[in-house]
Amino acid sequence: MYNYSLHQHINQSLLKMELDITGKDNLFYTRFMANASALRSLYTDLYGSHQKAEEVFNALINTISQAYINRPDALQKADLIKQQNGIWFLSNDITGMSLYVDRFCGNLANMPAKLDYFKELGVNFLHLMPIFESPQGESDGGYAVSNFRKVDDRFGTLEDLQTLKAKMSAEQMYLMVDIVLNHTSYRHEWAEKAKGGDKNYQDYFYMFDDRSLPDAYEKAMPEIFPEAAPGSFTYVPECNKWVMTVFHNYQWDLNYKNPVVFNAMLDNILFYANLGIDILRIDAPAFIWKEVGTSCQNLPQAHTLLQLIKQCVQIAAPGMALLGEAIVAPKEILKYFGTGLATAKECDFAYNATQMAVQWDALATGDVRVLMAAQEEVLKKPYGTSWITYTRCHDDIGLGYEDYMISDAGFNPYEHRKFLKEYYGGTHPVSPATGALFSVNPKTQDARISGSLASLCGLEKALAANHETAINTAVQKILLMQAVSFFLGGVPMLFYGDELGYTNDYSYLEDPGKSYDNRWMHRPVIDWNKNDQIHIEGSIEQRIFTATQQLIKLRKQLPMIADNKNIHWLNIYNIHVAGYIRALNEKKLFCLYNFSNRASYLTWYALKEHGIPPTVLFDHWSKTTYTVGRDDEYFILAPYSFYLLEQM
Ligand code: GLC
């Protein structure tokens, strides 16, 4: 909407910064004007009544403009190219991998030499787990940042990162890093100043003189790490105050009610944008706004704040997409794409955490009904946004999907979750999985699951028993899990090591900085001798790597896999098999997944209810052609198998 005084004000600010708004900076100027009203209104919603509101709003205009001024020409060109290609990140061309640089190959300087490995696999998008400075031993895998602009010495230098980025750009690879938005390390300069008694900096955090407000907050706040870090506040002896620490006691929650904090963190976000980051992972966005008496998660103001960030990024660095890492209840995840007038104007990506969890559910039970019950929510994702699809990541697997999804499938939610925890936690007598329970809350019995893809699929036990059939089954399960998420729509994100079947690594138990957190069991240290096995015909590593490579290749070849909101789940008339159609124009791909340890029988009729019935189907996975049979004949799916059937 046109707003004379706001637009004049921005005009004047840009002119003062000597921007050529009718010439070379016109595109930036246009973006600013197009977004100005939304920007102002979101800002006013959050900060309108703050005494520093106007002062910080002016500072914000400068932060955005300065970031644009600093944006290298090459990135501005890349921004343009991305925008000219529709919505670049919906493409079926992108496949990612998430990795810890030090555990993968030592440091950033060694990364360029590894680009060939990614190329061989087909991965063209890297998520580098946190690499900015973080105190060793109190780092939460880098998610406790003490300096947002300095690469930690353990990983190398900012220059190393820039060199890597340049090499990746030359290879048309995309890059993602995190902005740890919710908190800083207790060793961050702001926290140090707060400890020293500086009131301005104490206001950067939620700090209180006594326990009365912390007690009131804690009444309604669930604990995130109840074993390793119970409670949500920590006493700070240096200044005799209590500070909010939702995660570990060394991670201090930033106070976004203070607009100065917002502006400072936006500056960091735009600093990352100008490093050439293609997708920025916003860590833990569900937690960024707190109100006493609430769970302090998923609050409406958190969404307003993310929308505000989106507006600012779109003005200064339109080529950078945002991923909101909201691992919350299915209904809540969807809201991170924006709602109402802000639909598709908040995060561009979210993790498809619901899908990930229900896949593990289906694998344990051999029954896809919970997975199917969850789809109604998952399908609400608006066009123009996308998922990061995954089976494993550096974190635990939460079973946070809704109870009704379990009871709709005919199970008792409490008993069902108990079974899953035992199945994957390693205590179920017949489970082939090796995992562990993470963050068990004795008060609520809640628990999440740690373990690598391969170990949870049974490879660790099968190898220990040297049991060939069990090994083959585990490999089948690994590929089944990957395949479901590779063809769903969205960008698949592999977790490093899973591409060749790394099992759990228990060495973390010997490191006091890690032993309290069993998520480290599935964060392997790569042994390049083992990785070399990918070239040894018949080795487990080769079998998993080659198959994963093949899945990635198929994704790229099949245009209907791009995330155009073109997924349709099938009613398959068999509780062991999940299936969906991905259609584009005349092209139709039936993707079928058998979660059972036995063969499943599907009547051909199940594939005939969707437009023109197929007569011939070509399976891209096994390269087999099938003639579609009569309605009362069966298509037989082998145990833990999948089919990517194109209608010919
Ligand atoms: C995110 C990260 C997780 C970390 C937490 C706190 O959930 O994925 O690893 O512990 O944020 O920063």
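Side-chain atoms are counted along with the backbone in the values below, which use heavy atoms only and exclude waters and symmetry mates. Counting starts at 1 for both ligands and their atoms, following the listed order. Positions are given from 1 along the sequence.
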With a 4.0 Å cut-off on heavy atoms, does R519 reach ligand 1?
yes
Taking R417 first and then D361, would you say they form a salt bridge - that is, a charged N and a carboxylate O separated by under 4.0 Å?
no
Relative to the ring of H248, is the ring of Y516 parallel (under 30°), tilted (30 to 60°) or perpendicular (over 60°)?
perpendicular
Give me the residue, atom name and distance of the protein heavy atom closest to atom 7 (O) of ligand 1.
E325 OE2, 3.0 Å
Aromatic rings F337 and W387: how do their planes relate, parallel, tilted or perpendicular, breaks at 30° and 60°?
perpendicular
W88 vs Y174 aromatic rings, parallel, tilted or perpendicular, using cut-offs 30° and 60°?
tilted
Donor-acceptor contact present, side-chain D563 to main-chain V491, <3.5 Å
no
Atoms of ligand 1, numbered as shown, that sit under 4.0 Å from any heavy atom of H183:
6 (C), 12 (O)
Heavy atoms only, cut-off 4.0 Å: how does M129 contact ligand 1, side chain, backbone, both, or neither?
neither
What protein heavy atom lies closest to atom 5 (C) of ligand 1? Include the residue and the distance to one decimal.
F247 CE2, 3.8 Å
Where's the contact between F225 and ligand 1, heavy-atom distance under 4.0 Å: side chain, backbone, both or neither?
side chain
Among protein heavy atoms, which lies nearest atom 9 (O) of ligand 1, and at what distance?
D395 OD1, 2.8 Å
Give me the residue, atom name and distance of the protein heavy atom closest to atom 2 (C) of ligand 1.
D283 OD1, 3.2 Å
Tell me whether R523 has any N or O atom under 3.5 angstrom from an N or O of ligand 1.
no
heavy-atom search around atom 10 (O) of ligand 1 in the protein gives D140 OD2, 2.7 Å
For the pair Y117 and W528, name the ring-plane relationship: parallel under 30°, tilted 30 to 60°, perpendicular over 60°.
perpendicular
So, for R281 and H394, which heavy atoms are closest and what is the spacing to 0.1 Å?
NH2-CE1, 3.4 Å
